[in-house]
2 protein chains.
Amino acid sequence: MKANLEDIAKAAGVSKMTVSRVLRGGTGFSDDTRDRVVKVAERLGYVPNKLAAAFGSYQASTLVGMCVPRLTSGLFAHVLDGVDRALSRLGYQLMIGANNHSTAEEEAWVRQIASWRPAGLILSGRNHSTATVDLLRQVAVPVVEIWDLTTSPIDMSVGFSHYDCGVEMGQFLLRRGRRRAGYVGALARADVMGQARLEGFQAVLAQAGAPLVDREVLLDMPGFYAGYYGLETLLARTPDLDVVYFHNDDMAVGGLAYAQAKGIRVPEDLGIAGWGGMEAASILPKRLTTTVVPTTAIGKAAAEALVARLKGEAGQEVTVVPTRLVPGETG
Amino acid sequence: MKANLEDIAKAAGVSKMTVSRVLRGGTGFSDDTRDRVVKVAERLGYVPNKLAAAFGSYQASTLVGMCVPRLTSGLFAHVLDGVDRALSRLGYQLMIGANNHSTAEEEAWVRQIASWRPAGLILSGRNHSTATVDLLRQVAVPVVEIWDLTTSPIDMSVGFSHYDCGVEMGQFLLRRGRRRAGYVGALARADVMGQARLEGFQAVLAQAGAPLVDREVLLDMPGFYAGYYGLETLLARTPDLDVVYFHNDDMAVGGLAYAQAKGIRVPEDLGIAGWGGMEAASILPKRLTTTVVPTTAIGKAAAEALVARLKGEAGQEVTVVPTRLVPGETG
DNA sequence: TTAGGCTACGTTACCGGTAAACCTGACGCA
DNA sequence: TGCGTCAGGTTTACCGGTAACGTAGCCTAA
């Protein structure tokens, strides 16, 4: 990289500081000087050095770190997209990482990112190691916890209540007359959020006098096949269920495929409900009963909360982005 | 952030430079000194400052920039994952961006990233604005172009030939006796890679004396609905096609849904072929005829090529990661 | 007429690391 | 005894910006 502020300054016959002011769009120079500087900068192909800028003054970092459970998750891909669109428009750069549902990996990531002195961080989930929390306190930048809402965030929180999702789905299925519910889940690693949905679901069923009859939780990735075989196992053990709530839509679709393969009529013989709002679920002949999560909106809201805080505005401490239960034709 | 090297140095009774060497795992200090320094660093909760490190010496940057067409693309999510796994294991950090299939947005992104003095860059596609190419030359770091193979990369290239994908699918469908082929595509923005597949497809059909009969290209996102309505439009105009090649699997699945809705038997009345290897296609009752792209492998290979170059090794200039035609039951 | 304020700059000091050169005492060896 | 070598350090000089402060020249109002 050849040209720096000094080079431009010399070529334009001004001081380095004036060049800096011009290129950052400040004030305190004449139109004539500005034109000269800009022209020289362009001629020399000047590429600013944010490393130096961010290093020299703690205000100037435009780096935002974001950590998601998995980069291949369709839901989080949309959250990421929402964040990126909002941030890149404002001149921020996004540094990403995946924690694979592990607080230890998250801690390692935060440690790495912290050494870049980011302007702010976005984490997913409310569960962090104590070392992570200490570290976050030490870097002392705005932090947004997304996805799972927490009423006592480290700093800010954007999301919804997984527990309430379970409650809402439970209530809905009860209203549809279901009395013998099962659950099929999976945990490749401890996915506490799915657990919260199950708890909400169970609580409302128990309260209505129709408690959860059986559940099958596989130690596998929560995908199509886990749903398929999970339902198979569950029904082999407890055949007389009238509805099954799945960890997510991918698994619910797998369950649906199993039902179809075995001639089980949905929703007549068995109701099936998912969670998440998988795009591809639209390819099914029947609309899946599920809870749609406004992923992009969460990303956007998180980015906006962060930026508000960076601009010195108060910044909403807790932002609720409501999910939407879609009745569908399978529940 | 409180503690820096100086603070540790004072507390441990050594010089800053010795602390730097200890913490980076260098040589030139006694075991006793190392233990003392490490202990003090831990006690003070030292968080290294990569900004200063990368700024002070051009070797030390561990930042890698990666630009994909869209962050919500399932295929690219896996590429991203492959890159991230390979890089984070080696201590690199990933900065991402989306170009929305626009070379202008890519240029803006490269301009931003360049100012962070990254160790290397990963771009998708072979199509870049001349300003981008100039800029890349100026930052003078390893660059990997992924996805669409190019024989004359800016620096390195990892991917496969989209043209050959089209050729292979054309040959396959000809072997299955198809003689009247159509094509349904979409371009929200100019997706030149889909275009390359179409060209390969057309070329091999024409050569076999069974040229492409009709095509429908929608100005829309290449998703389920575009496939559904694209096929409807195409068949309304040219009903007697015996096979349709779709821009990608999402669209093919939409086409399949249309066929099912209209009672068109697949593959008897109409063959359907996609491209990409969409995970969710596995939920279909029939396996989709498609070309599976080894997304994670591409990401991994790109990261490895980059790291090899960063370590001073030669680094493969062009790495071919072969795609795989899956016959399926719809073609 | 002069204090005060404004514009349009220039100067200086620093951010926290790292490379490279330099130092020093102990030891081996001719 | 003198000299080279090596381990185990220290010193110095940057990297390229930005904040804070300084200042010359000009205008204005009391």
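The chains referred to below are lettered A, B, ... by the order of the sequence lines, with proteins before strands, and numbering in each begins at 1.
- Pairs of residues two or more places apart, or lying in two chains, that qualify as salt bridge (Lys or Arg N to Asp or Glu O under 4.0 Å) and include a residue from residues 143-160 of chain A are A/R126-A/D148, A/D155-A/R309.
- The distance from atom CG of A/L5 to atom P of C/dG10 is 13 Å, rounded to the nearest whole Å.
- Atom CG of B/L51 is separated from atom P of D/dG17 by 13 Å (rounded to the nearest Å).
- The separation between A/K50 atom NZ and D/dT18 atom C1' is 14 Å, rounded to whole Å.
- Taking atom CG on B/N49 and atom C1' on D/dG16, their separation rounds to 14 Å, with Å as the unit.
- Evaluated for a side chain to side chain contact (heavy atoms under 4.5 Å, CB included) with A/S129, the options A/E106, A/E107, A/E105 yield exactly one hit, A/E107.
- Residues B/Y46 and B/L5 are in side-chain contact: their nearest non-hydrogen atoms beyond the backbone lie under 4.5 Å apart.
- Considering only heavy atoms from C-beta on, B/N99 comes within 4.5 Å of B/P69 through its side chain.
- For DNA chain C, the neighbouring residues in residues 7-20 of chain B, judged by any heavy atom under 4.0 Å, are B/K16, B/M17, B/S20.
- Counting only distance, with no hydrogens or angles, the side chain of B/S61 and the backbone of B/R117 share a donor-acceptor pair below 3.5 Å.
- As a whole-Å value, the separation of B/Y46 OH from C/dG16 P is 10 Å.
- DNA chain D is contacted by B/R21, B/G28, B/F29, B/S30, B/T33 of residues 21-39 of chain B, taking any non-hydrogen atom closer than 4.0 Å.
- The side-chain heavy atoms of B/L44 and B/V40, taken from C-beta on, include a pair separated by under 4.5 Å.
- Of the N and O atoms on the side chains of B/S20 and B/R24, at least one donor lies less than 3.5 Å from an acceptor on the other residue.
- Between A/N4 atom CG and D/dG16 atom C1' there is a gap of 6 Å when expressed in whole angstrom units.
- Within a 6.0 Å radius of NZ in A/K300, other residues, nucleotides and ligands contribute 12 heavy atoms or fewer.
- Comparing D/dG17, C/dG17, D/dA19 by their closest approach to the side chain of A/A53 singles out D/dG17.
- Looking only at side-chain heavy atoms (C-beta outward), B/M66 and B/M95 stay at 4.5 Å or farther from each other.
- What separates CZ of A/F55 from P of D/dG16 is a distance of 12 Å, to the nearest Å.
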